[in-house]
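Written below as structure tokens is the structure these notes are about.
Bear in mind that the values here come from a model prediction, so they are computed numbers and not experimental data. Below, all heavy atoms of this structure are taken into account, side chains as well, without hydrogens, waters or symmetry copies.
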Amino acid sequence: MAPPWVLLHRIVNFVDGRAAATGGSSRELSPQEAMAAMKPYQVIAAPPEVTHLSMLLQTPADDLGRCALGGDISSTDKGIVVLYSGFYRPGNGGFSGDGCYMVYDAPNNALSAIPPLPDSPTMKGLGRTAVVMRHGSAVGDYTLAELVTTDAGFPEAKLCVWSPSSSVNRGSEWIQTPIRLPLPAHLTGPTCFFHIDMAFSFAGCFCWVDLFSGLLVCDPAAPQGPKLSFVPLPLGYCLEFPQNHRLRMEPETFRSMGCVCGAIKFVALVGYTMACPSNEVVLKSWTLSSDFKDWKQGSAICVRDLWESESFNEMELPRLSPMCPVLSMNEDEVIYAILNDIEHVDDVDEFGDIVGVNLVPKAHYMIRFDILQNKVLSSTKSSTGNLELLTPTLLASDFSAYLKDPKDRQVLITATTSTINHIMFISIIMLFQT
């Protein structure tokens with residue numbers, strides 16, 4: 001049985017799968033046709049192991065153009081996964097290549113390529129903004145939404161919607177609605193802006209999250225048209241950066257937000273980005289009220305107390321600062337985080353002089369712990385020299401619970417992290433050989 005939810009890696013590799021193909025057209029396909037013809041392949045593992053989604057090419061990689069590099073998952077909802085392919089992002093102009101949106105419908109094992117937004121030199125992207133909402137069980141029963149702004153700047157924007165099963169557009173075009181974002185003045189420029197780090201759907205609403213400032217909520221079914229509201233982060237936890245500095249930050253290394261047991265929760269490692277000793281960093285959590293108005297502070301734990309807990313020491317875990325927190329979807333007080341054991345090695349030139357320092361990863365630990373009980377519930381360890389694993393991009397997703405046909409699930413519940421890393425390494429090798 002597949003787990004009810006997984007820690008899903010956002011990066012999707014496009015891998016040569018033509019050896020498994022049973023037929024197909026010999027004509028040259030457009031990039032979108034080639035992407036729609038791919039076959040999803042999942043390596044599923046119960047948390048704290050990481051789940052990977054790949055796409056098996058059924059045509060030569062040349063058909064994909066620059067999209068052959070793979071994709072980046074933006075959001076998931078009830079078995080639907082949406083990702084950007086290749087370099088495509090809204091407002092990316094000529095750098096997007098032949099990219100588009102890809103929607104994977106896990107319950108129906110269906111893959112669709114959705115055309116990009118109509119190109120416009122005035123369109124500006126806001127980050128990882130594609131959000132999907134499922135509203136039925138048939139193929140195409142979902143709504144895909146994008147949020148973009150233009151040269152006119154904040155707070156003017158456009159809500160772009162694609163709904164295959166809708167009688168409004170019959171899945172043939174994007175419906176664009178001009179809107180005004182209800183953002184506080186300090187997030188509309190000229191130096192600071194609202195930037196979207198996470199997107200998800202909740203209770204019939206689209207949600208876009210700036211992990212430094214707050215949550216933008218859109219009710220697309222409001223009687224007078226899409227209704228938007230802004231929910232600032234808990235008092236005292238909004239961080240302001242000039243735009244050029246903000247884009248160099250990686251907020252998901254120390255903050256996260258998600259849906260937990262029917263509510264939206266926010267978690268932050270307070271002190272992580274400050275001149276604060278690792279043992280004094282505090283992990284705090286909050287729950288948003290059902291009317292999207294108030295945050296209620298929940299459990300908190302100091303890293304020092306975590307290190308000194310009986311469970312932490314019984315597992316012989318290194319006393320390292322946790323990072324990249326992810327909220328469990330079905331356990332209210334449970335959080336997943338990473339411990340990176342890194343060695344600093346001198347970089348010596350040909351004359352024996354030290355010219356720098358190299359970071360050499362020794363091991364990565366993924367821990368699952370209860371912040372209310374101050375107890376590590378489980379952990380996994382992988383030994384690898386992959387620097388990309390220092391800050392993996394993970395999101396909690398329930399798509400695994402909607403896989404119905406056993407032959408369509410490549411389930412690997414008991415896999416070790418090293419096994420999964422090996423599979424992904426082979427996938428990358430195969431990609432560059434096509």
Side-chain angles (χ1 to χ4, degrees), residues 2 6-26 28-45 49-74 76 79-89 96-106 108-114 382 384-389 392-395 397 399-400 403 405-413 415-434:
V6 293
L7 288 169
L8 182 60
H9 201 286
R10 287 189 185 271
I11 304 302
V12 177
N13 290 308
F14 295 171
V15 183
D16 189 356
R18 284 174 290 169
T22 57
S25 173
S26 59
E28 184 177 346
L29 302 180
S30 69
Q32 289 188 25
E33 289 175 326
M35 282 183 276
M38 292 192 293
K39 303 297 183 184
Y41 182 91
Q42 310 92 17
V43 178
I44 298 178
E49 301 282 4
V50 177
T51 287
H52 294 269
L53 174 64
S54 300
M55 297 294 172
L56 303 181
L57 301 175
Q58 307 299 299
T59 61
D62 291 344
D63 289 348
L64 293 178
R66 284 182 284 180
C67 294
L69 292 174
D72 179 30
I73 296 174
S74 182
T76 76
I80 302 287
V81 180
V82 60
L83 58 109
Y84 299 109
S85 65
F87 294 113
Y88 172 69
R89 300 293 185 279
S96 291
D98 298 315
C100 64
Y101 301 88
M102 293 184 65
V103 176
Y104 170 42
D105 183 339
N108 297 295
N109 196 35
L111 189 65
S112 302
I114 309 300
S382 65
T384 175
N386 189 349
L387 287 172
E388 293 182 358
L389 294 179
T393 54
L394 305 176
L395 74 158
S397 172
F399 94 97
S400 56
L403 294 169
D405 192 342
K407 73 175 186 298
D408 293 329
R409 329 174 162 171
Q410 293 72 38
V411 180
L412 200 58
I413 304 295
T416 63
T417 304
S418 59
T419 301
I420 294 175
N421 289 338
H422 177 71
I423 292 172
M424 299 313 298
F425 176 75
I426 295 300
S427 298
I428 294 172
I429 294 296
M430 293 173 66
L431 175 63
F432 284 99
Q433 288 178 340
T434 58

Q. Is there a side-chain contact between L57 and V15 (heavy atoms, below 4.5 Å)?
A. no
Q. So, do I114 and C100 sit near enough that their side-chain heavy atoms are less than 4.5 Å apart?
A. no
Q.
Between Q32 and Y101, does the side-chain hydrogen bond (donor to acceptor under 3.5 Å, both in side chains) criterion hold? Intermediate values first, please.
A. CA-CA 9 Å; Q32 289 188 25; Y101 301 88; over 6 Å; no
Q. Mind checking what makes ring-ring contact (aromatic ring centres under 6.0 Å, His included) contact with F399, not counting sequence neighbours?
A. none
Q) Hey, does H9 have a side-chain heavy atom less than 4.5 Å from the side chain of T393? A) yes
(Q) Between D72 and I11, does the side chain to side chain contact (heavy atoms under 4.5 Å, CB included) criterion hold? Intermediate values first, please. (A) CA-CA 5 Å; D72 179 30; I11 304 302; 4.1 Å; yes
Q | side chain to side chain donor-acceptor pair (under 3.5 Å) partners for S74, two or more places apart | A | none
(Q) Pair I73, V81 - check side chain to side chain contact (heavy atoms under 4.5 Å, CB included), show working. (A) CA-CA 7 Å; I73 296 174; V81 180; 3.9 Å; yes
Q. If we only count heavy atoms from C-beta on, is the M102 to S112 side-chain gap below 4.5 Å?
A. no
Q. Is there side-chain contact between V103 and I80, with at least one heavy-atom pair below 4.5 Å?
A. yes
Q | Heavy-atom pair of closest approach, residues G71 and L83 | A | CA-CD1, 3.9 Å
**Q.** Under 3.5 Å: donor-acceptor pair, side chain of T51, backbone of A45
**A.** yes
Q: Could you check L111 against M38 for side chain to side chain contact (heavy atoms under 4.5 Å, CB included), going step by step and ending with a plain yes or no?
A: CA-CA 8 Å; L111 189 65; M38 292 192 293; 3.9 Å; yes
Q: List the steps and the verdict of side chain to side chain contact (heavy atoms under 4.5 Å, CB included) for K39 and Q58.
A: CA-CA 7 Å; K39 303 297 183 184; Q58 307 299 299; 3.4 Å; yes
Q) Quick one: are Y104 and P40 in side-chain contact, heavy atoms under 4.5 Å? A) yes
Q: Could you check if a side-chain atom of Q42 sits within less than 4.5 angstrom of a side-chain atom of H52, using non-hydrogen atoms only?
A: no
